[in-house]
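These figures come from a predicted structure and were not determined experimentally. Counting starts at 1 for both ligands and their atoms, following the listed order.
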Amino acid sequence: MVSYKELGFVNTKNMFKVALERKFAVPGYNINNLEQLQAIILGCGESNSPVIIQISKGAREYANQTMLKYLGHGGVEMAKEMGFSIPIALHLDHGDSFDLCKSCIDFGFSSVMFDGSHLEYEENINVTKRVVEYAHQRDVSVEAELGVLAGIEEHVIAEEHQYTDPEQVEDFVNRTNCDSLAIAIGTSHGAYKFKVEKEEDIPEIRFDILIDVKKRLKNYPIVLHGSSSVLKTYVDIINQYGGTLDKAFGIPEVQLRKATQFGVSKINIDTDGRLVFTAMVRKHLSEHPEIFDPRKYLGLARKELIDMIKRKNKEVLNSAEQAEFIK
Ligand code: G3H
Ligand code: 13P
Ligand code: ZN
């Protein structure tokens with residue numbers, strides 16, 4: 001058992017406090033490998049942004065949890081070595097049981113999500129509350145979820161959104177004492193967020209629900225999952241070099257920017273990073289068939305990901321240059 005503090009991570013408490021005061025969203029970027037982590041540290045370090053490094057259950061299985069823990073710790077040390085002074089949280093994304101959350105807390109995570117959104121309301125409250133009690137004794141933050149995002153959420157496929165019911169949020173937060181709440185307002189996971197033919201037909205996310213929730217939970221951190229924009233530049237490169245992504249659309253960045261202005265404090269982005277990576281690897285291998293050194297194409301993908309992260313932090317989340325305000 002190890003405390004996250006020994007590994008150099010911080011919990012999300014002060015990040016969210018300052019995010020609410022200064023109207024920005026802390027990025028939650030997912031990792032599965034070394035190059036993604038390096039890109040996050042460099043992208044957030046160079047843009048002076050706080051960051052939440054997210055590890056899903058699938059990432060934990062793919063990369064091995066011990067490896068990921070020390071990779072994360074290595075990221076913190078690398079940031080220090082490079083002179084970056086940014087707060088870094090290590091977060092379990094979509095934890096689906098008390099045992100998984102407990103295991104991550106015992107293992108050095110500074111924040112966990114218990115995703116009970118598919119459970120019946122009272123059951124969601126019961127398990128979230130249990131996770132919160134365990135986590136808070138160890139100064140670990142807990143994100144919970146109310147409402148179901150359409151698409152695939154941790155092996156559950158939901159055909160339709162079940163938007164968060166604003167009338168439930170105060171009761172849920174008061175009874176569970178969770179530190180942040182993910183809500184369903186029309187975002188969804190993956191590269192196919194809307195059944196539309198063209199970009200212009202993408203509907204607005206439900207800002208009315210967000211505003212209602214914010215009215216009830218004043219000054220409380222709200223989280224948006226499924227917030228990749230499925231950037232056309234990278235979808236086009238993937239398709240140009242042999243990929244088959246058809247009618248892939250995400251949440252327009254202008255909507256995400258608006259969400260941060262309405263007080264969303266954390267925005268989760270995984271798919272956009274995957275697309276950048278795949279696009280660069282496909283392009284490079286196709287243009288240079290003689291290459292077989294992974295550093296060549298992975299290095300290029302990492303560089304592009306750094307640029308994407310810096311741009312998102314600055315132009316979409318408004319988290320760039322905010323790290324110094326977080327104690
Ligand atoms: O919200 C889900 C994240 O994008 C993680 O996806 O379960 O495929 O690692 P994953
Ligand atoms: P995207 O699939 O839109 O990147 O969402 C990621 C996410 O919500 C991780 O929890
Ligand atoms: Zn998610």
Would you mind running through ligand 1 and noting each atom that sits below 4.0 Å from a heavy atom of [X]?
| X | value |
| --- | --- |
| H189 | 1 (O), 2 (C) |
| H94 | 1 (O), 2 (C) |
| D270 | 3 (C), 4 (O), 5 (C), 6 (O) |

Is the shortest heavy-atom distance from the side chain of [X] to the side chain of [Y] under 4.5 Å?
| X | Y | answer |
| --- | --- | --- |
| L68 | F107 | no |
| H288 | K296 | no |
| I41 | I88 | yes |

I'd like to check whether [X] has a polar contact with ligand 2, where a contact means an N/O of the residue lying under 3.5 Å from an N/O of the ligand.
| X | answer |
| --- | --- |
| D272 | no |
| D270 | yes |
| G190 | yes |

For atom 6 (O) of ligand 1, which of Q54, M113, R274, H225 has the closest heavy atom?
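Among Q54, M113, R274, H225, the closest heavy atom to atom 6 (O) of ligand 1 comes from R274.
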
Check each of G226, A182, S188 against atom 5 (O) of ligand 2 and report the one with the nearest heavy atom.
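Looking at heavy atoms only, the winner is G226.
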
Does only the side chain of S227 get under 4.0 Å from ligand 2, or the backbone, or both, or neither? Count heavy atoms.
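Backbone only.
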
Does N30 approach ligand 2 within less than 4.0 angstrom via side chain, backbone, both or neither, non-hydrogen atoms only?
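It is the side chain that gets close, since no backbone atom is under 4.0 Å.
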
Which ligand 2 atoms, with their elements, are less than 4.0 angstrom from a heavy-atom of [X]?
| X | result |
| --- | --- |
| H189 | 2 (O), 5 (O), 6 (C), 7 (C), 8 (O), 10 (O) |
| H225 | 8 (O), 10 (O) |
| I269 | 4 (O) |
| H94 | 10 (O) |

Pair K314 + E321: basic N to acidic O under 4.0 Å
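Salt bridge: no.
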
Does the pair K215/D212 count as a salt bridge with the N-to-O cut at 4.0 Å?
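No.
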
Which residue and heavy atom of the protein sit nearest [atom], plus the separation:
| atom | result |
| --- | --- |
| atom 3 (O) of ligand 2 | K193 NZ, 2.6 Å |
| atom 9 (C) of ligand 2 | D93 OD2, 3.1 Å |
| atom 1 (P) of ligand 2 | T271 OG1, 3.4 Å |

Checking Y234 against M280 for the side chain to side chain contact (heavy atoms under 4.5 Å, CB included) test, could you report, in this order, the C-alpha distance in whole Å, the side-chain angles of both residues, the deciding distance, and whether it holds?
CA-CA 8 Å; Y234 300 105; M280 291 303 113; 4.0 Å; yes

Which is it for L149 and H189 under the side chain to side chain contact (heavy atoms under 4.5 Å, CB included) test, yes or no, and what are the steps along the way?
CA-CA 7 Å; L149 275 63; H189 292 107; 3.8 Å; yes

Checking K214 against F262: charged group under 6.0 Å from the ring centre and within 45 degrees of the axis?
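Because its charged atom misses either the 6.0 Å distance or the 45° angle limit, K214 does not stack over F262.
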
Hey, does the Lys NZ or Arg CZ of R130 hover above the aromatic six-ring of Y134, less than 6.0 Å from the centre and inside 45° of the axis?
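Because its charged atom misses either the 6.0 Å distance or the 45° angle limit, R130 does not stack over Y134.
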
Would you say [Y] ends up clustered with [X] if hydrophobic residues are merged whenever their side chains have heavy atoms under 4.5 Å apart, either directly or through other cluster members?
| X | Y | answer |
| --- | --- | --- |
| V230 | V196 | yes |
| V276 | L317 | yes |
| M113 | V140 | no |

What part of D93, side chain from CB on, backbone N/CA/C/O, both or neither, has a heavy atom under 4.0 Å from ligand 1?
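For D93, only side-chain atoms sit under 4.0 Å from ligand 1.
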
I want to know if ligand 1 touches N32 in the polar sense, i.e. an N/O pair below 3.5 angstrom.
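Between N32 and ligand 1, no N or O pair is found under 3.5 Å apart.
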
If you stand at the Zn ion (ligand 3) and look out to NE2 of H94 and ND1 of H225, what angle do those two lines make, to 10°?
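NE2 of H94, the Zn ion (ligand 3) and ND1 of H225 span an angle of about 90°.
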
